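Sequence positions, counted from 1, serve as the residue numbers for this chain. Computed from a prediction, not measured in an experiment: that's the story for all the values here.
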Amino acid sequence: MAFHIKNTETDALARKVAALKGIGLTEAVHTALKNELEREQNKPSLVEQSIEFARRMRAKGDPSKGLPADKAFIDSLYED
């Protein structure tokens with residue numbers, strides 16, 4: 001199946017990558033798309049990122065140094 005790059009900047013980038021690597025346009029585009037797909041698939045999910053964030057925050061925190069989260073503190077969060 002034919003694939004036509006209509007965007008001139010995209011075409012120029014594909015040609016530049018192909019020339020630098022000494023490969024054809026199809027292989028250059030294929031490799032770039034494959035690498036991008038792998039990069040995206042290897043990214044941690046939002047849940048994994050959130051869990052890691054929570055772990056880092058827990059490691060930095062020390063509850064004994066903080067103020068108690070009593071009613072006065074909670075109420076202060078909702079004041080203007």
Task: Linked hydrophobic residues, Ile51 as query - side chain contacts closer than 4.5 Å - done: Val47
Open item on the list: Can you confirm whether Glu38 is buried at CD, in the sense that more than 12 heavy atoms of other residues, nucleotides or ligands lie under 6.0 Å from that atom?
Closed with: yes
Task: Counterpart residues, salt bridge (Lys or Arg N to Asp or Glu O under 4.0 Å), relative to Lys43 (two or more places apart) - done: Glu40
Task: Counterpart residues, salt bridge (Lys or Arg N to Asp or Glu O under 4.0 Å), relative to Glu79 (two or more places apart) - done: none
Open item on the list: Closer than 3.5 angstrom, by distance alone: can the side chain of Glu48 be matched with the main-chain N or O of Ser45 as a donor-acceptor pair?
Closed with: yes
Task: Partner residues of Gln41 under the side chain to side chain contact (heavy atoms under 4.5 Å, CB included) criterion, sequence neighbours left out - done: Leu37
Task: Arg58: salt bridge (Lys or Arg N to Asp or Glu O under 4.0 Å) partners, not counting sequence neighbours - done: none
Open item on the list: Under 4.5 Å side-chain heavy-atom separation, chaining through any Ile, Leu, Val, Met, Phe, Trp or Tyr, what else clusters with Tyr78? Say none if it is isolated.
Closed with: Phe73, Ile74, Leu77
Task: side chain to side chain donor-acceptor pair (under 3.5 Å) partners of Asn35, counting only residues at least two apart - done: none
- [ ] Could I get the full list of side chain to side chain contact (heavy atoms under 4.5 Å, CB included) partners for Asp75, not counting sequence neighbours?
- [x] Lys71
Donor-acceptor pairs are to be reported for all side-chain atoms of residues 13-29 against protein atoms at under 3.5 Å, with residues two or more places apart or in another chain.
from	atom 1	to	atom 2	distance (Å)
Arg15	NE	Asp11	OD1	3.3
Arg15	NE	Asp11	OD2	2.9

- [ ] With sequence neighbours excluded, tell me which residues meet salt bridge (Lys or Arg N to Asp or Glu O under 4.0 Å) with Glu36.
- [x] Arg39
